[in-house]
Amino acid sequence: MATQDSPDRGLENADRPDLAEAGQASFDKIIAADSRIEPGDWMPDAYRKTLIRQISQHAHSEIIGMQPEGNWISRAPSLKRKAILMAKVQDEAGHGLYLYSAAETLGISRDVLNDQLLAGKARYSSIFNYPARNWADVGAIGWLVDGAAICNQVPLCRVSFGPYGRAMVRVCKEESFHQRQGFEILLELANGTKAQKQMAQDAVNSFYSPALMMFGPPDSDSAHSSQSISWNIKRFSNDELRQRFVGMIVEQVKVLGLTLPDHDIKFNEETGKWEYGELDWDEFNEVLAGRGPCNAQRLAHRREAHKNGAWVREAAAAYAAKKAKKEQVA
Ligand code: BYC
C-alpha cells in the first residue's frame, strides 16, 4: 500500500479489487457523457496518475514562471508598470496554489510535489528556461507566453476532472489580463523610437519559437495525447492548439506593426490548417533534459527561495500548534 507521503498515495485501487468492475463502468459512463469525475469517484489508477503528472507540472510552471518577470518588478519603467507587473506575478503564485490544491484532491501532498520540484525530478514548462533580458522581453512574455497559455488552457476549463476544470476558469480570466498587459507593453515600444521598436521586434523574434514549443512535441511524438484525449483531459492535440495560436498571433502582430520571425506561415485553404516553419525540436529536447539557457538558474533560485522561507513555515506551524492547544483547553 502507498504510504502517507509517497508520490503514489491515493493510488489505492489495488486495495479494493471488489470495486473495480462497477467503478470502471461508472467512470466510463461519466466520460462518455462528457461529465465530470470528482475526487471521491472511482477512477483508473492511470487516469489519476496522468492528472497528478499534468496538474503538478502545470503548478510548477506557474511557480517557476514567476521568476523571469519577477526579476523585472524593481526595474519596471514606471510606478504604474511596476504595480501591474507585481499583480501579474502574484496572480501566478495564486495559480500555482489553486493547482497544487487540485492535485492534492487526487491524494498526493503539496510537500511531496514541492520536494519533487526542488530535487529537479519534476517537469515545468520549457518556456521558463529562457531569460527575460530587457523590458521588451517582459512584453513578449505577456503577449506570446500568456497568449499560448490561454490557447492551451481555455479547453482545460472543460477537462473531465472537476477540481482542475474549476481552477482553470479563474486562471484563464487572469491570463487574459496578463496577455493584454504584455501586448500593451509591446504596442507602446513599437510606437516609440526606432530603437524601442527594434527592441520589441527582437523580443518577438526571441520568444516566438519557444512559445510555439509550449504546446508540447509534435503529435507524432506526443506520448500521452491519445490517451488524454480519450479521457477528456486534453480536448485538442498539441499541433491543433499550436496552429490555432499561430492563427491568433498572425493577426495581432499586424496591429503591433511588427513581424513574426517565420516566413513559412500560411493558411492552407485545402486543409483548413495553419502551416508554420520547422521548429527546432532538438532545442526543445535539450531544454527538457535540463540544458536550456536558464534551467540551472531557475532551480537554484527556487531552492534558495524555499530555504529563505523556512522561518515562515516554522512560524505558521508554531502558530497552528499554539491555536490547537488553546482550543483543546477551552
Ligand atoms: N515543457 O505527451 P506529451 C503558464 C513533456 S504555465 C516541458 O505531449 P502531455 C504561465 C510532457 O510533460 C504553462 N515539458 O505530454 C505561467 C511529457 O513528459 P513526461 C504550463 C513538456 O502532457 C506563468 C513529454 O514532454 N501549462 O502558462 O500530453 C506565467 C511528452 O509530451 C512540454 C501547462 O502545464 C513543455 N512545453 O502534453 C505565464 C498546461 N511539452 O511527463 C504563463 C497543462 C511537453 O512524460 N499541460 N512536455 O515526463 C498540458 O496541457 C500538457 O501537459 C502539455 C503536454 C500540452 C503541456
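Counting convention: from 1, in listed order, for ligands and their atoms alike. All values derive from a computational prediction rather than experimental measurement.
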If you count the atoms of ligand 1 from 1 in the order shown, which ones are under 4.0 Å from a heavy atom of Tyr124? 1 (N), 7 (C)

Are a donor atom and an acceptor atom from the side chains of Glu304 and His301 found within less than 3.5 Å of each other? no

With respect to Cys172, which candidate in Leu156, Ile150, Val154 satisfies the side chain to side chain contact (heavy atoms under 4.5 Å, CB included) definition? Val154

When you look at NZ of Lys273, are more than 12 heavy atoms from neighbouring residues, nucleotides or ligands closer to it than 6.0 Å? no

Between Asp137 and Tyr130, is any side-chain donor less than 3.5 angstrom from a side-chain acceptor? no

How far is atom 30 (C) of ligand 1 from the closest protein heavy atom, and which atom is that? Pro217 CG, 4.0 Å

Check Glu38 with Arg166, please: is the shortest side-chain N to carboxylate O separation under 4.0 Å? yes

Going by heavy-atom distance to atom 19 (P) of ligand 1, choose the closest among Lys234, Gln227, Arg123. Arg123

Does Arg244 make a cation-pi contact with Phe236, if we ask for NZ or CZ under 6.0 Å from the ring centre and within 45° of the axis? yes

Going by an N to O cut-off under 4.0 Å, is there a salt bridge joining Lys266 and Glu275? yes

Numbered atoms and elements of ligand 1 in range of Met213, under 4.0 angstrom, heavy atoms: 36 (N)

Determine whether any heavy atom of Gln153 lies closer than 4.0 Å to an atom of ligand 1. yes

If I apply the N/O under 3.5 Å rule, does Met214 come out as touching ligand 1? yes

Is any N or O atom of Asn152, backbone or side chain, closer than 3.5 Å to an N or O atom of ligand 1? yes

In terms of residue, atom name and distance, what is the protein heavy atom nearest to atom 27 (O) of ligand 1? Ala149 CB, 3.0 Å

Using a plain distance cutoff, I'd like to know if Asp221 has any nitrogen or oxygen under 3.5 Å from a nitrogen or oxygen of ligand 1. no

Given that the side chain starts at C-beta and the backbone is N, CA, C, O, which of these parts of Arg53 lies under 4.0 Å from ligand 1, counting heavy atoms, or is it both or neither? side chain

Mark the output for Tyr164 as yes if a heavy-atom distance to ligand 1 is under 4.0 Å, and as no if none is. yes

Kindly assign one of parallel, tilted or perpendicular to the pair Trp42 and Phe27, based on the angle between their ring planes and the thresholds 30° and 60°. perpendicular

Pairs of nitrogen or oxygen atoms closer than 3.5 Å, one from Glu62 and one from ligand 1: do any exist? no

Scan the protein's non-hydrogen atoms and note whether one is under 4.0 Å from atom 24 (C) of ligand 1. no

Output the list of atoms in ligand 1 that are nearer than 4.0 Å to some heavy atom of Gln57, sorted by atom number. 12 (O), 41 (O)

Do the rings of Phe284 and Trp281 sit parallel, tilted or perpendicular, given the 30° and 60° boundaries? perpendicular

To which of His58, His224, Glu69 does the heavy atom nearest atom 26 (N) of ligand 1 belong? His58

Among all protein heavy atoms, pick out the one at the shortest distance from atom 6 (S) of ligand 1; state its residue, atom name and that distance to 0.1 Å. Ser61 CB, 3.6 Å

Considering only heavy atoms of Phe215, which atoms of ligand 1 have at least one such atom less than 4.0 Å away? 55 (C)

Regarding Lys322 and Glu327, does a basic nitrogen lie under 4.0 Å from an acidic carboxylate oxygen? no

Per-atom contacts of ligand 1 with Ser222, taking only distances under 4.0 Å to non-hydrogen atoms: 2 (O), 3 (P), 8 (O)

N/O separation below 3.5 Å, Asp146 to ligand 1: no

Closer than 4.0 angstrom, basic N to acidic O: yes or no for Lys234 and Glu240? no

Option nearest atom 47 (N) of ligand 1 (shortest heavy-atom distance, choices Leu288, Val89, Leu241): Leu288

If you measure from the Lys or Arg side-chain nitrogens to the Asp or Glu carboxylate oxygens, is any gap between Lys88 and Asp146 under 4.0 Å? yes

Would you indicate whether Arg170, at its atom CZ, is surrounded by more than 12 heavy atoms from other residues, nucleotides or ligands within a distance under 6.0 Å? no

Does the gap between the ring centers of His60 and Tyr100 come in under 6.0 Å? yes

Answer with side chain, backbone, both or neither: which part of Phe128 has a heavy atom less than 4.0 angstrom from an atom of ligand 1? side chain

State if Ala223 counts as touching ligand 1 under the rule of any non-hydrogen atom under 4.0 Å. yes

Yes or no, since that's all I need: does a protein heavy atom fall within a distance strictly under 4.0 Å of atom 53 (C) of ligand 1? no

Is the shortest N/O to N/O distance between Lys88 and ligand 1 below 3.5 Å? no

Evaluate Asp239 against Gln243 for side-chain hydrogen bond (donor to acceptor under 3.5 Å, both in side chains), listing each step before the verdict. CA-CA 6 Å; Asp239 287 334; Gln243 273 160 359; over 6 Å; no

Using distance alone, decide if ligand 1 has a nitrogen or oxygen within less than 3.5 Å of any nitrogen or oxygen in Ser228. no

List every atom of ligand 1 that sits less than 4.0 Å from any heavy atom of Gly216, numbering the atoms from 1 in the order shown and giving each element. 40 (N), 44 (C)

Record the part of Phe284 in heavy-atom contact with ligand 1 below 4.0 Å; permitted values are side chain, backbone, both and neither. side chain

We want to know whether Tyr276 and Arg242 form a side-chain donor-acceptor pair, criterion being a heavy-atom distance below 3.5 angstrom. yes

Contacting atoms of ligand 1, where contact means under 4.0 angstrom from a heavy atom of Glu92: 23 (C), 29 (C), 38 (C)

